[in-house]
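Report on the following structure.
The sequence lines fix the lettering, A, B, ..., with proteins before strands; numbering per chain opens at 1. In this text, all values refer to a predicted model and were calculated from it rather than measured experimentally.
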Amino acid sequence: MYNAVKIEKKWQNIWEKSGAYKVKDKISGRDNFYHLVMFPYPSGNLHMGHWYNYAPADVYARLKKMQGFNVLSPIGFDAFGLPAENAAIKNKIHPRAWTNKNIATMKKQFKSIGAVYDWSREIITADPEYYKWTQWMFLKMYEAGLAYKKKSLANWCPEDQAVLANEQVVNGRCWRHPDTPVIQKEVDQWMFKITDCADDLIKDLDGLDWPERTKLMQKNWIGKSEGAIIQFAIHDSQFIIPVFTTRPDTLFGATYMVLSPEHPLVEEITTKEQKKAVRRYVADTRLKSELERMSAEKEKTGVFTGACAANPINGKEAPIWISDYVLMNYGTGAIMAVPAHDERDFEFAKKFDIPVVKVIDEKDRLIDSGEFTGMAVSEAKEKITAWLKKKNLGDFSIQYKLRDWIISRQRYWGAPIPIVYCDRCGAVPAPEKDLPIKLPPLKNFQPVGGGKSPLARAASFVNTKCPKCRGKAVRETDTMDTFVDSSWYFLRYTDSKNKKRFASDNKLNSWLPVDMYVGGAEHAVLHLLYARFFVKVLKKLGYVTFNEPFKALRHQGIILGSDGQKMSKSRGNVADPDDLVGKYGADAIRMYLCFMGEYSQGGPWSPTGVLGITRFLERIYNKFFTLRVTTRKVANSNKELTKLLHRTIKKVGEDIENFRFNTAVSALMILFNEMERKDISKNNAETFLKLLAPFAPHFSEELWAILGNKKSIHLESWPKYKSTLLEEGDYELIIQINGKTRDKIKVSKNMGRLELEKLALSREIVKKYVDNQTAKKIIVVPNRLINIVL
RNA sequence: GGGCGCGUGGCGGAACUGGAAUACGCGUACGCUUCAGGAGCGUAUGGACGAAAGUCAUUGAGGGUUCGACUCCCUCCGCGCCCACCA
């Protein structure tokens with residue numbers, strides 16, 4: 001009997017003591033390979049989802065190691081964030097204490113996975129030695145003009161009492177509180193100018209080995225649109241309102257304009273008669289949450305301002321309306337409305353009786369458009385914009401949906417923004433030598449009213465001297481979004497103890513960019529976008545030499561409960577990894593997670609499915625155990641088995657490489673079933689164990705030792721297959737008649753076409769079906785089948 | 001509403017480039033073993049008809065291309081994810 005729990009402990013201790021997984025930055029004769037998994041938030045416990053990310057990813061890392069790479073597979077904790085602070089308020093425990101307690105628990109759980117993590121490089125983003133460099137990054141952004149403070153309408157989560165980045169708003173609600181609608185609030189916020197990199201962020205996606213779906217999501221999120229800015233002059237006033245459009249070709253059909261209710265010129269242009277109605281509409285809009293505004297999708301609303309503008313191309317009068325279907329934070333906050341060729345404008349025009357003028361025909365050519373009539377849409381776009389440009393009435397323009405990244409958070413448990421406000425000098429960055437600006441001790445973590453961080457309570461922290469004039473000054477009390485911490489953590493692993501720099505050039509260059517990154521798809525437009533932005537900035541500033549952080553990326557799917565529903569305590573369908581490891585051992589869990597289905601697909605956890613794996617391992621153990629006394633056979637005499645072995649070596653290696661862990665496990669099962677049936681030589685058993693080693697590291701190590709090996713199996717290299725042994729000399733020829741299989745026969749590979757035809761036609765069964773008819777056609781697929789068409 | 005993806009036995013899922021559909025595992029049934037419970041081992045099973053050899057059907061539904069379609073094309077149905085008035 002194989003006692004998984006006991007034996008796994010044993011090997012984990014041995015590996016830890018011997019420093020088996022400590023990674024050197026350079027080993028001669030080996031190429032470096034940076035394998036990264038997304039580090040977890042220390043929420044308290046490792047759940048199945050974590051295991052599903054980390055265990056199969058470790059199988060991959062172990063394969064790479066055996067293939068001869070010097071593999072770095074680090075781990076750490078994304079330790080800043082709100083749950084710690086909320087726990088602090090609820091349980092009167094310091095966020096740091098709560099976080100450290102969770103990290104301690106999770107570390108223990110992590111070690112039970114049996115992964116190749118190099119714990120000596122562990123990082124915790126809440127450590128001052130780490131966030132010192134997060135702050136340093138902020139300063140560099142600031143110096144480069146990429147960090148700026150701006151008063152603007154921002155997404156505000158009433159539950160968290162803090163602002164949210166656009167990426168953190170899900171369906172108009174807070175990403176952490178799916179029941180809390182986000183409201184718009186005017187606040188003074190620090191931002192990162194991610195929009196500066198919008199173009200590169202799209203362009204460089206091309207060279208990445210990432211899931212296409214993820215690349216597409218980033219592309220759509222950045223949302224590049226090419227079009228024109230067109231100037232509309234307001235009648236009887238000096239105001240000119242620019243609009244952005246992707247359809248300058250439809251300009252002759254622009255029969256009215258719409259401003260966003262938040263547009264700064266609304267108040268200015270509204271006529272006396274319309275003032276009351278407009279003001280009421282603006283006030284109503286402001287009161288609406290983002291969610292309500294979105295759900296008003298069905299019925300368009302709006303108010304006439306009383307003002308009119310001139311259509312720059314034909315001088316026709318365009319009445320100016322306001323409506324909440326025009327968003328202030330896209331384009332110019334104003335549109336030219338072309339009801340004939342835009343669904344939303346059409347809806348609005350219909351409701352308010354505004355004329356609809358058709359200017360494009362069914363063949364996508366312009367009609368009733370002056371000198372442009374008859375032109376194709378694509379040509380007209382170009383020509384009309386050029387015409388406007390010449391008359392100073394417009395220009396070509398590119399707009400993005402991507403907004404700058406608001407990084408201020410009005411909370412305690414994060415890296416303080418290293419800025420000081422002085423009455424005389426204004427906002428002054430903290431000098432580098434003062435870093436880290438440490439979080440002060442605090443007792444009360446309740447948010448301070450008025451959108452201020454609890455840090456505002458810490459007088460000793462707030463009151464300071466101006467770095468410039470040494471006069472009285474106060475510190476910024478907001479902390480940074482935790483996504484800032486995780487935007488560069490993969491750089492720190494390479495040199496986690498460096499006190500002088502976030503990482504030395506040498507170490508950065510020997511590891512980065514990351515060769516393989518494995519983690520959840522939910523970060524497609526959050527972490528993965530931010531990290532790319534950071535690397536692009538660091539590259540521009542000369543701190544790194546690469547412009548993309550993650551060369552290759554793979555996502556794991558989502559593990560569901562055995563009922564096919566999302567795992568949740570209330571449903572009672574949660575599979576707890578600790579329980580399972582205590583029962584079946586980590587190897588069985590690792591292997592079952594690999595086996596249960598396609599990695600990117602995820603799927604339901606099956607409690608009986610694991611039993612299939614433990615049975616498999618038991619059978620191997622029982623059969624291999626007895627080999628320890630037999631003498632080593634040099635080669636296996638069974639030719640077919642040898643061929644299968646070599647085919648399996650190839651398949652398992654390739655499957656792991658392609659993240660097809662499920663078929664790799666099944667190939668191992670097929671091979672073992674054959675070995676059991678035919679002959680288990682010690683030689684083949686050892687090769688088999690090497691193939692099994694990435695999946696079941698403890699189990700294979702144990703048997704490897706039992707078979708008399710002194711060194712760890714994980715130092716062995718991946719078996720090589722002989723390509724001459726892959727192909728069968730003979731194969732089963734499938735004989736089809738009218739596409740239906742009627743017979744099969746073993747034939748030699750080098751039989752020619754005519755020979756095969758003759759052979760097939762001479763078969764009794766075939767004769768019966770053919771029955772004196774002549775074959776219309778005979779199709780021969782080499783090495784596979786022959787199809788006789790009657 | 002838009003974009004992307006998916007649909008294969010009782011279940012999780014295989015199937016290379018269009019070439020024997022259901023590999024591998026779970027489950028189920030029977031047998032052996034066991035004081036018993038379980039576990040283990042062996043055999044069978046994959047839909048229908050048949051005692052069996054076998055025959056026919058079959059990859060959400062319908063159609064098409066092809067000697068041949070889970071795979072490619074069209075229509076429809078269902079499910080999932082992402083985005084959501086982006087001018």
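Between the side chains of A:Y400 and A:S225, no donor N or O sits under 3.5 Å from an acceptor N or O. A donor-acceptor pair shorter than 3.5 Å can be found between the side chains of A:D404 and A:T195.
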Polar atoms only, N or O, under 3.5 Å: list the protein pairs with nucleotides 53-58 of chain B and their distances.
residue, atom, partner, partner atom, Å
B:U55, OP1, A:Y769, OH, 3.3
B:C56, OP1, A:R742, NH2, 3.3
B:C56, OP2, A:R742, NH1, 3.2
B:A57, OP2, A:K740, NZ, 2.7

Pick out the pairs of N or O atoms, protein on one side and nucleotides 43-46 of chain B on the other, that lie under 3.5 Å.
none

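For A:T246, there are no side chain to side chain donor-acceptor pair (under 3.5 Å) partners two or more places apart in sequence or in a different chain. Evaluation of the side chain to side chain donor-acceptor pair (under 3.5 Å) rule for A:E522 yields no partner, not counting sequence neighbours. A search for side chain to side chain donor-acceptor pair (under 3.5 Å) contacts involving A:K219 returns nothing, not counting sequence neighbours. A:P339 is linked by a side-chain contact (heavy atoms from CB on, under 4.5 Å) to A:T255, A:Y256, A:D345, A:A349, A:V356, counting only residues two or more places apart in sequence or in another chain. Under the side-chain contact (heavy atoms from CB on, under 4.5 Å) criterion, A:I670 pairs with A:S666, not counting sequence neighbours. With sequence neighbours excluded, no residue satisfies side chain to side chain donor-acceptor pair (under 3.5 Å) with A:R660. In this structure A:P607 satisfies the side-chain contact (heavy atoms from CB on, under 4.5 Å) test together with A:S562, A:W605, sequence neighbours excluded. The side-chain contact (heavy atoms from CB on, under 4.5 Å) test applied to A:E382 returns A:F396, not counting sequence neighbours.
Whole-Å rounding puts the A:M217 CE to B:G80 C1' distance at 13 Å. In this structure, the CG atom of A:N622 is 8 Å from the P atom of B:C41, given to the nearest Å. For the pair A:R213 CZ and B:C83 P, the interatomic distance rounds to 11 Å; values are reported in whole Å. Look at CD on A:E676: it is 12 Å from C1' on B:G40, rounded to the nearest Å. Rounded to an integer number of Å, the gap from A:D655 CG to B:C24 P is 15 Å. To the nearest angstrom, C1' of B:C85 lies 12 Å from CZ of A:F348. Put simply, CG on A:N220 is 14 Å from C1' on B:G5, counting in whole angstrom units. The CG-P distance, from A:L611 to B:G40, rounds to 7 Å in whole Å.
With A:Y325 as the aromatic partner, A:K300 meets the cation-pi criteria of under 6.0 angstrom to the ring centre and within 45 degrees of the ring axis.
Using a 4.0 Å heavy-atom distance criterion, A:I734 is classed as a base contact. Backbone-only engagement by A:N673 is indicated by non-hydrogen atom pairs under 4.0 Å involving sugar-phosphate atoms exclusively.
Taking the nucleotide of RNA chain B with the nearest heavy atom to each of A:M669 and A:I779, the more 5' of the two is matched to A:M669. The nearest heavy atom of RNA chain B to A:G609 and to A:N787 marks one nucleotide each, and the one closer to the 5' end goes with A:G609.
Between B:C85, B:G19, B:C24, one nucleotide has an atom nearer to the side chain of A:K300 than all others, and that is B:C85. The side chain of A:Q736 has B:A20 as its nearest neighbour among B:C85, B:A84, B:A20. Closest to the A:W221 side chain, of the nucleotides B:A84, B:A87, B:C24, is B:A84.
A salt bridge between A:E347 and A:K351 is absent, with no side-chain N of the basic residue lying under 4.0 Å from a carboxylate O of the acidic one. A salt bridge between A:D199 and A:K224 is present, with a side-chain N of the basic residue lying under 4.0 Å from a carboxylate O of the acidic one. Taking a cutoff of 4.0 Å between a charged side-chain nitrogen and a carboxylate oxygen, A:E618 and A:R615 do not qualify as a salt bridge.
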| remark: Readout for nucleotides 12-18 of chain B: B = base within 4.0 Å of protein heavy atom, S = sugar-phosphate only, - = neither; 5' to 3' it is BSSSB--
| field | Base-pairing string, 5' to 3', of RNA chain B - Watson-Crick or wobble, under 3.5 Å, | interstrand | value | (((((((..(((......[....)))((((((.......)))))).(((....)))...(((((..]....))))))))))))....
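Between A:F661 and A:D655, every side-chain heavy-atom pair lies at or beyond the 4.5 Å cut-off.
Across B:U58 and B:G9, the matching C1' atoms stand 10 Å from one another, rounded to whole Å. Using P as the reference atom, B:G42 and B:C24 are 14 Å apart when rounded to the nearest Å.
Taking syn as a glycosidic angle within 90° of 0, B:G18 does not qualify and is anti.
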